[in-house]
Amino acid sequence: MDFFEQNINRIGTSSVKWERTKQVFKTDEEILPMWVADMDFRPPEAVTDALKERVEHGIFGYTFTADSVGESIVSWMGKRHNWEIKNSWIQYSPGVVPSIGKAIQAFTEPGDKVLIQSPVYPPFYSMVKENNRVIENCQLVKKNEQYEIDFNAFEQCLKNGVKLFLLCHPHNPVGRVWTEEELRKMAELCLENDVVIVSDEIHSDLIFKPNKHIPLASLSEEIADQTITLVAPSKTFNLAGLQASAIICSNNDYRLKISAIDKQIGAFTLNTFGITAMEAAYRKGEEWLEELLQYLQGNIELVENYLSEHLPELKVVKPEATYLLWIDCRQLGLSDAKLNHLFVEKGKVGFNPGTSFGKGGEGFVRMNVACPQSTVKEGLARMKTALQS
């Protein structure tokens, strides 16, 4: 665990999280960043060792993604998620967000409706809007300190002419790991209404026991045939800057449509270091991941206990997955503008405002606890300072 206690200075590395705070939060204050979803931890040593070896080779010409990379993904999915896939089902992309954009272009036309479930990851909105499609929103319902799907509303949304469904699984920011029953209901309704499913499963490795991630496409061949699954080592192993992700789909016609989009934009490979890191992470990163999950649980418990004792008006929605805490601040009775002003200007701590996740995010903030415990404690102290002001 000492590995995760290291305070590593990220200033001077072009870190979006640490060096763009003044622009993001529109302030001249020095802000403690607990917002964007990357970790303040080094990846597994096997990954950095593989990258060092590649650097030492010294030639960085055009690189193809070898079969061994796909084999590492096949092995990982089988071992971690009991999902048997084939190497031939895998395509590559610089990130999950570009993959969402490609899927929208491949399976819908301008003006078509795309279903989302707010409050949800902001690029779900931007990718739909930037591609001139229309958002159809089935807002999640908060019940008994947890979020649920209103399946009557979900079915009605699908019948409103939806062509594609963007599923966030596990869900960011509310931290839900959808159950098999919930997944089957959503999938079956999509099949009945001929709606293509894009399942963003980028957080699928960051699951807290006793919860279990079930890849949507693993439920049946029929569901798999209508599903595009998006995964990446970026959240799991803190490799977002290397821009490497995978698209997994058993439907050959779907893969051809995605390939056609790649051809249109001239995309044909990942960057050399992304390829190297992806394979090393999936082959040798499991022990590191298990230790990470334990450390994250400790940080989550720290936040829950601190808020309960010192700021009881704030309630953490218990996460089943991810290192992102969805915190309910509505009991404070503050507007979102006032709440975020207090945290930034008085507490000098930066969270994602809940409104950036769409309807249902009002009165919430998202807190990133993938950092040394000392940073979490500092962030909590700043929260207290902000609200006491």
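Sequential numbering from 1 along the given sequence is applied to the chain's residues.
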Student: Salt bridge or not for E192 and K185, using N-O below 4.0 Å?
Tutor: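 Salt bridge flag = no for K185 with E192.
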
Student: Which value, rounded to the nearest 0.5 Å, describes the distance between Q226 atom CD and D194 atom CG?
Tutor: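 Going from CD on Q226 over to CG on D194, the span is 5.5 Å.
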
Student: Hey, would you say the W288 and F4 ring centroids sit under 6.0 Å apart?
Tutor: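 Yes - the distance between ring centres of W288 and F4 falls below the 6.0 Å cut-off.
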
Student: Might you work through the salt bridge (Lys or Arg N to Asp or Glu O under 4.0 Å) test for E145 and K142, ending with a clear yes or no?
Tutor: CA-CA 6 Å; E145 306 307 316; K142 191 170 182 288; 3.5 Å; yes

Student: Do any N or O atoms from the side chain of N137 and from the backbone of S118 form a donor-acceptor pair under 3.5 angstrom?
Tutor: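 Yes.
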
Student: What's the spacing between W178 CH2 and L167 CG if we round to 0.5 Å?
Tutor: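 Nearest 0.5 Å value for the CH2-CG distance: 8.0 Å.
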
Student: Within the side chain of E320, is there an N or O that forms a donor-acceptor pair under 3.5 Å with the backbone of V177?
Tutor: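 Yes, because the side chain of E320 sits within donor-acceptor range (under 3.5 Å) of the backbone of V177.
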
Student: Salt bridge between E30 and K22, side-chain N to carboxylate O under 4.0 Å?
Tutor: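 Between K22 and E30 there is a salt bridge, with a charged N closer than 4.0 Å to a carboxylate O.
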
Student: Keeping the roles fixed (side chain from S356, backbone from N352), state whether a donor-acceptor pair exists under 3.5 Å.
Tutor: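 No, because the side chain of S356 does not come within donor-acceptor range (under 3.5 Å) of the backbone of N352.
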
Student: More than 12 non-hydrogen atoms from neighbouring residues, nucleotides or ligands closer than 6.0 Å to CD on E222, yes or no?
Tutor: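 Open.
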
Student: According to the interplanar angle, ranging from 0 to 90°, do the rings of Y282 and F237 count as parallel (below 30°), tilted (30 to 60°) or perpendicular (above 60°)?
Tutor: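 Aromatic pair Y282/F237 classed perpendicular.
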
Student: L115 vs K163, test: side-chain contact (heavy atoms from CB on, under 4.5 Å). Steps then yes/no.
Tutor: CA-CA 8 Å; L115 178 62; K163 299 297 183 183; over 6 Å; no

Student: Ignoring hydrogens and geometry, is there a side-chain-to-backbone donor-acceptor pair from S15 to I11 under 3.5 Å?
Tutor: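 No; zero donor-acceptor contacts below 3.5 Å.
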
Student: Is it possible for you to say whether I73 and L242 belong to one hydrophobic cluster, with membership spreading through side-chain heavy-atom contacts below 4.5 Å?
Tutor: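 Same cluster.
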
Student: F41 and Y295: aromatic ring centres closer than 6.0 Å?
Tutor: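 That pair passes the under 6.0 Å test.
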
Student: Could you tell me whether a side-chain N or O of D112 sits under 3.5 Å from a main-chain N or O of E109, the two making a donor and an acceptor?
Tutor: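 Judged by distance alone, yes, a pair lies under 3.5 Å.
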
Student: If only side-chain N and O atoms count, and only distance matters, is there a donor-acceptor pair under 3.5 Å linking Q6 with D2?
Tutor: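 There is no such pair between these side chains.
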
Student: Taking NZ, NE, NH1 and NH2 as the nitrogens, is one of them in K79 or E286 under 4.0 Å from a carboxylate oxygen of the other?
Tutor: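 Looking at E286 together with K79, the answer is yes, because their closest N to O distance falls below 4.0 Å.
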
Student: For a side-chain contact (heavy atoms from CB on, under 4.5 Å) check, start with the C-alpha distance between L387 and E313, then their side-chain angles and the critical distance, and finish with the verdict.
Tutor: CA-CA 10 Å; L387 298 184; E313 303 93 343; 5.8 Å; no

Student: Distance check, rounded to the nearest 0.5 Å: I214 atom CD1 versus K212 atom NZ?
Tutor: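 Here the interatomic distance stands at 7.0 Å.
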
Student: Could you please spell out the steps behind the side-chain contact (heavy atoms from CB on, under 4.5 Å) verdict for D262 and K102?
Tutor: CA-CA 8 Å; D262 282 336; K102 288 193 285 187; 2.8 Å; yes

Student: For Y254, what are the other residues in its hydrophobic cluster, where any two members join if their side-chain heavy atoms are less than 4.5 angstrom apart?
Tutor: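 Joined to Y254, directly or through intermediates: V96, V97, I100, I104, F107, V114, I116, V120, Y121, F124, Y125, M127, V128, I135, L164, L166, V196, V198, I202, I228, L230, I247, I258.
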
Student: With a cut-off of 6.0 Å (strictly less than), are more than 12 heavy atoms of other residues, nucleotides or ligands near CZ of R42?
Tutor: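 Open.
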
Student: Are the side chain of R366 and the backbone of L325 linked by a donor-acceptor contact shorter than 3.5 Å?
Tutor: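 Looks like no, no N/O pair under 3.5 Å.
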
Student: Would the number of heavy atoms belonging to other residues, nucleotides or ligands and lying under 6.0 Å from NZ of K113 be above 12?
Tutor: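 Correct, the count exceeds 12.
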
Student: Taking the six-membered ring for Trp, are H213 and H169 closer than 6.0 Å centroid to centroid?
Tutor: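 Ring centres of H169 and H213 closer than 6.0 Å.
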
Student: May I ask you to decide whether K318 forms a salt bridge with E304, counting only side-chain N to carboxylate O separations under 4.0 Å?
Tutor: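 A salt bridge links K318 with E304.
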
Student: Would you say that more than 12 heavy atoms from the other residues, nucleotides or ligands in this model lie under 6.0 Å from the CG of N82, or not?
Tutor: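 Open.
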
Student: Roughly how far, to the nearest 0.5 Å, is SG of C249 from CG of D225?
Tutor: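 Here the rounded value is 7.5 Å.
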
Student: Output, in order, the C-alpha distance, side-chain angles, deciding distance and verdict of salt bridge (Lys or Arg N to Asp or Glu O under 4.0 Å) for R80 and E290.
Tutor: CA-CA 11 Å; R80 295 293 299 189; E290 291 298 335; 2.7 Å; yes

Student: Do I8 and D40 come close enough that some side-chain heavy atom pair is under 4.5 Å?
Tutor: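 Side chain of I8 against side chain of D40, heavy atoms only: no contact under 4.5 Å found.
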
Student: Any donor and acceptor pair, going by atom type alone, linking the side chain of R54 with main-chain N or O of K52 inside 3.5 Å?
Tutor: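 Checking the backbone N and O of K52 against the side chain of R54, no donor-acceptor pair under 3.5 Å is found.
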
Student: Would you say the ring centroid of Y92 lies under 6.0 angstrom from that of F64?
Tutor: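 Y92 vs F64: aromatic centres not under 6.0 Å.
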
Student: Could you state the interatomic distance from CD1 (I31) to CZ (F351), rounded to the nearest 0.5 Å?
Tutor: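 With rounding to 0.5 Å, CD1 (I31) is 10.5 Å from CZ (F351).
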
Student: Is the CD atom of E221 crowded by more than 12 outside heavy atoms at less than 6.0 Å?
Tutor: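 Result for CD/E221: open.
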
Student: Between F343 and F25, is the gap from one ring center to the other below 6.0 Å?
Tutor: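 No - the distance between ring centres of F343 and F25 does not fall below the 6.0 Å cut-off.
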
Student: Do N131 and Q105 meet the criterion of a side-chain donor-acceptor pair at a distance under 3.5 Å?
Tutor: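 A donor-acceptor contact under 3.5 Å links the two side chains.
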
Student: How long is the gap from OG on S72 to CE on M278, to the nearest 0.5 Å?
Tutor: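 So the OG of S72 and the CE of M278 are separated by 7.5 Å.
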
Student: Assess the residue pair E19 and S14 against the criterion (side-chain hydrogen bond (donor to acceptor under 3.5 Å, both in side chains)); give the C-alpha distance rounded to whole Å, side-chain angles, the decisive distance to 0.1 Å, and a yes or no.
Tutor: CA-CA 7 Å; E19 297 184 70; S14 299; 5.2 Å; no

Student: For R176 and E182: C-alpha separation, side-chain torsions, deciding distance, then whether salt bridge (Lys or Arg N to Asp or Glu O under 4.0 Å) applies.
Tutor: CA-CA 11 Å; R176 273 302 313 277; E182 290 169 322; 2.7 Å; yes

Student: Salt-bridge test for D38 and K235: reply yes if a basic N is under 4.0 Å from a carboxylate O, no otherwise.
Tutor: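 Here D38 does not pair with K235 in a salt bridge, since their nearest N and O are not under 4.0 Å apart.
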
Student: Between T63 (side chain) and G61 (backbone), is there a donor-acceptor pair under 3.5 Å?
Tutor: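 Between the backbone of G61 and the side chain of T63 there is a qualifying donor-acceptor contact (under 3.5 Å).
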
Student: Give a yes or no on whether the backbone of L324 and the side-chain of T322 come within a donor-acceptor separation of less than 3.5 Å.
Tutor: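 Between the backbone of L324 and the side chain of T322 there is a qualifying donor-acceptor contact (under 3.5 Å).
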
Student: Determine, stepwise, if the pair I59 / H57 fulfils side-chain contact (heavy atoms from CB on, under 4.5 Å).
Tutor: CA-CA 6 Å; I59 299 176; H57 181 271; 3.9 Å; yes

Student: Tell me, yes or no, whether the heavy-atom count around E5 atom CD, taken from other residues, nucleotides or ligands under 6.0 Å, exceeds 12.
Tutor: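 Yes, the 6.0 Å shell around CD holds more than 12 heavy atoms from other groups.
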
Student: Could you check whether any side-chain N or O of N368 sits under 3.5 Å from a backbone N or O of M34, counting only pairs where one atom can act as donor and the other as acceptor?
Tutor: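 Absent.
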
